[in-house]
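Scroll down for the structure; my scribbles are underneath it.
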Amino acid sequence: MKEKKQNKHLYWNPYFGGFLLGILIIFTFYVTGRGLGASGAMKSSVVTLVDAAAHEHAESHSYYSKFVQDDESPMNTWLVFETLGVLIGAFISGALSGRIGWRVQHSPKITRRRRLIFAFSGGILFGIGAQIARGCTSGAALSGMAVLSTGGFITMLAIFGTAYLFAYFFRKNWI
Amino acid sequence: MGPLIPNELISFEWSSIIAIIIGIFFGFILEASGFSSSRKLAGVFYGYDFAVLKVFFTAAIVSLIGLLYMDYLGYMDMSSLYVHPTYLWGAIIGGAIMGIGFVAGGFCPGTSLSAVAIGKIDAIVNVIGIMVGVFIFSELYPLFEPIYNGYFEGNITLVDSLGVNQYWFVFILTVVAIVMFAATDMIRKRVKKVFY
């Protein structure tokens, strides 16, 4: 009870959220034959920006060129539309619960600046890792596990295992 | 029989609209489960909040059981679904880098997007970081290429690589998850509470 009084926001029961997410994954596979994703749209954005800034470079480059086509924008992919939906859906949920607002969320023990530096560098690592593993927690781990993909299970174990191993070094940021 | 779009039961033109609708539900579930809060997410690594673990494994098991049932009842051909390919060392090293990024930044790409939508500035910075990370990887691609393309084992499943029966595997995984959920509740009672 004490916790309810002090935690600012109340969220769904995690089993309820997980159940609905599972149903959504089944539906997604049933309709599209593939799973969910998140980092793919960020890759498309980077490819688009590089293509706009230096078209020659993108076309001749061994990695960007996989995603650049002459007649189509790299943003015209399934995952980009799905990501637009994620932004809309999260905004609706936040609006219904009064959670919208500009703020930096961090532990009172660290400064705003420190939080932003770690958020940025954590993002860089996640971006590199998600390319190497060809997907992030959604696309590789969760959607992979739903179809028993060996790679999906390995990626999931590697993400959580390493995060637990390194949690000690980042504890000041969180507890 | 599903999947509907690959089997052309729904025309391909609908796929963008369906993508947005699926995304809306995905974003809503993430935000309503509290995944727009990095401090809630990070709780799983310090034992003060196990929502990530519970949502993640409940979703994985519900979808596994549901897909197997749909395959068994003939609504869908499971073998025609896209199976995430296995590049052994890419999965391990990529996953390990993501793990450090997760505990450092407090977000993964999907949760970060749901936090951007409600105005979290740390999430916006995190998404910019992810894009910088993708850019770094792309520019240094020749360096990463051996691990990105190497150790390819195909689009294999655990049935292929462990030789297990899929129904038994899912059953055992479910039991393991339930035991894990009970254990995390006990751990959480012993850990000092963190309020956010």
Side-chain angles (χ1 to χ4, degrees), chain A residues 6 11-12 14 17-18 21-22 25-26 30-31 33-34 38-39 46 63 78 81-82 85-91 93-94 100 102 104 116 119-120 122-129 131-133 136-138 144-152 154-155 158-159 162-163 166-167 170 174-175, chain B residues 2-4 6 16 19-20 23-24 27-29 31-34 42 45-46 51 54-55 58-60 62-63 66 82-84 86 91-92 94-105 108-110 113-114 117-119 121-122 125-126 129-130 133-134 137-138 141 156-158 161 195:
Chain A
Q6 292 202 26
Y11 298 106
W12 278 356
L21 186 53
I25 294 169
I26 297 171
Y30 180 61
V31 175
R34 324 174 53 106
S39 58
V46 172
Y63 192 64
W78 198 88
F81 287 101
E82 187 230 46
V86 169
L87 292 172
I88 300 168
F91 182 82
S93 164
I100 308 264
W102 299 109
V104 179
L116 291 178
F120 185 68
I124 292 180
L125 288 175
F126 224 112
I128 296 174
Q131 296 314 299
I132 296 176
C136 62
T137 343
S138 323
M145 280 170 75
V147 288
L148 289 173
S149 154
T150 306
I154 295 173
T155 306
I159 293 176
T162 320
F166 281 82
F170 295 97
W174 307 107
I175 50 173
Chain B
L4 300 178
S16 307
I20 292 182
I24 289 175
F28 195 104
I29 294 167
E31 210 288 327
S33 302
F45 303 122
Y46 300 98
K54 289 175 178 173
V55 172
T58 309
V62 167
S63 53
Y82 174 77
V83 175
H84 178 76
T86 301
I92 295 173
I97 295 173
M98 284 191 271
I100 302 171
F102 199 168
V103 74
C108 60
L113 284 170
S114 76
I118 63 161
I121 296 163
D122 43 334
V125 170
N126 186 256
I130 294 171
V134 174
F137 171 88
S138 309
Y141 179 67
I156 52 168
T157 66
L158 290 177
S161 40
F195 299 103

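Letters A, B, ... are given to chains in the order of the sequence lines, protein chains preceding strands, and every chain is numbered from 1. All values reported here derive from a predicted model rather than from experimental measurement.
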Give the member of B:V83, B:I156, B:I92 that has the highest number of heavy-atom pairs under 4.5 Å with chain A. B:I156

A:F170 and B:I100: CA distance, side-chain angles, deciding distance, side-chain contact (heavy atoms from CB on, under 4.5 Å) verdict: CA-CA 9 Å; A:F170 295 97; B:I100 302 171; 4.1 Å; yes

How close do B:A91 and A:A133 get, heavy atom to heavy atom, and via which atoms? CA-CB, 4.2 Å

Which atom pair, heavy atoms only, marks the closest approach of A:V31 to B:P6? O-CD, 3.7 Å

If you apply the rule side-chain contact (heavy atoms from CB on, under 4.5 Å), what do you find for B:S33 with A:W12, and how did you get there? CA-CA 5 Å; B:S33 302; A:W12 278 356; 4.0 Å; yes

Step by step, work out the side-chain contact (heavy atoms from CB on, under 4.5 Å) result for A:C136 and B:M98. CA-CA 8 Å; A:C136 62; B:M98 284 191 271; 4.2 Å; yes

Out of A:A38, A:A146, A:G122, A:G89, return the one with the most heavy atom pairs under 4.5 angstrom to chain B. A:G89

Rounded to the nearest 0.5 Å, the CG atom of B:N126 sits from the CG atom of A:L116 at a distance of 10.5 Å

Identify which of A:G152, A:S138, A:A90, A:A158 forms the greatest number of heavy-atom pairs closer than 4.5 Å to chain B. A:A90

Contact leader toward chain A among B:S16, B:S161, B:G110, where contacts are heavy-atom pairs under 4.5 Å: B:S16

Would you mind telling me which of A:S93, A:G94, A:G33 has the largest number of heavy-atom pairs within less than 4.5 Å of chain B? A:S93

Which residue out of A:T150, A:V147, A:T162 racks up the most heavy-atom pairs below 4.5 Å with chain B? A:T150

Kindly say whether A:G151 contributes a backbone atom to a donor-acceptor pair with the side chain of B:T86 at under 3.5 angstrom? yes

Closest heavy-atom pair and its distance - A:G17, B:I29: O-CG2, 3.5 Å

Shortest non-hydrogen contact between B:A117 and A:I100, atoms and distance: O-CD1, 4.3 Å

Pick from A:Y30, A:W78, A:F91: which one has the most heavy-atom pairs with chain B under 4.5 Å? A:Y30

Looking at A:V86, A:L87, A:T155, which makes the most heavy-atom pairs under 4.5 Å with chain B? A:V86

Taking atom CG of B:L113 and atom CD of A:E82, what is their separation to the nearest 0.5 Å? 9.0 Å

What residues form a ring pair (Phe, Tyr, Trp, His ring centres under 6.0 Å) with A:F126, not counting sequence neighbours? none

Could I get the full list of ring pair (Phe, Tyr, Trp, His ring centres under 6.0 Å) partners for B:F45, not counting sequence neighbours? A:Y164, B:F102

Considering all heavy atoms of both residues, which atom of B:A19 and which atom of A:F81 are nearest to each other, and what is their separation? CB-CB, 3.7 Å

Below 4.5 Å from any heavy atom of chain B, which atoms of A:S39 appear? Answer side chain, backbone, both or neither. both

Using every non-hydrogen atom in the two residues, find where A:A119 and B:D122 come nearest and quote the distance to one decimal. CB-O, 3.5 Å

Under a 4.5 Å cut-off applied to non-hydrogen side-chain atoms, are B:I130 and A:I124 in contact? no

Side-chain (A:S149) to main-chain (B:H84) donor-acceptor, under 3.5 angstrom: yes

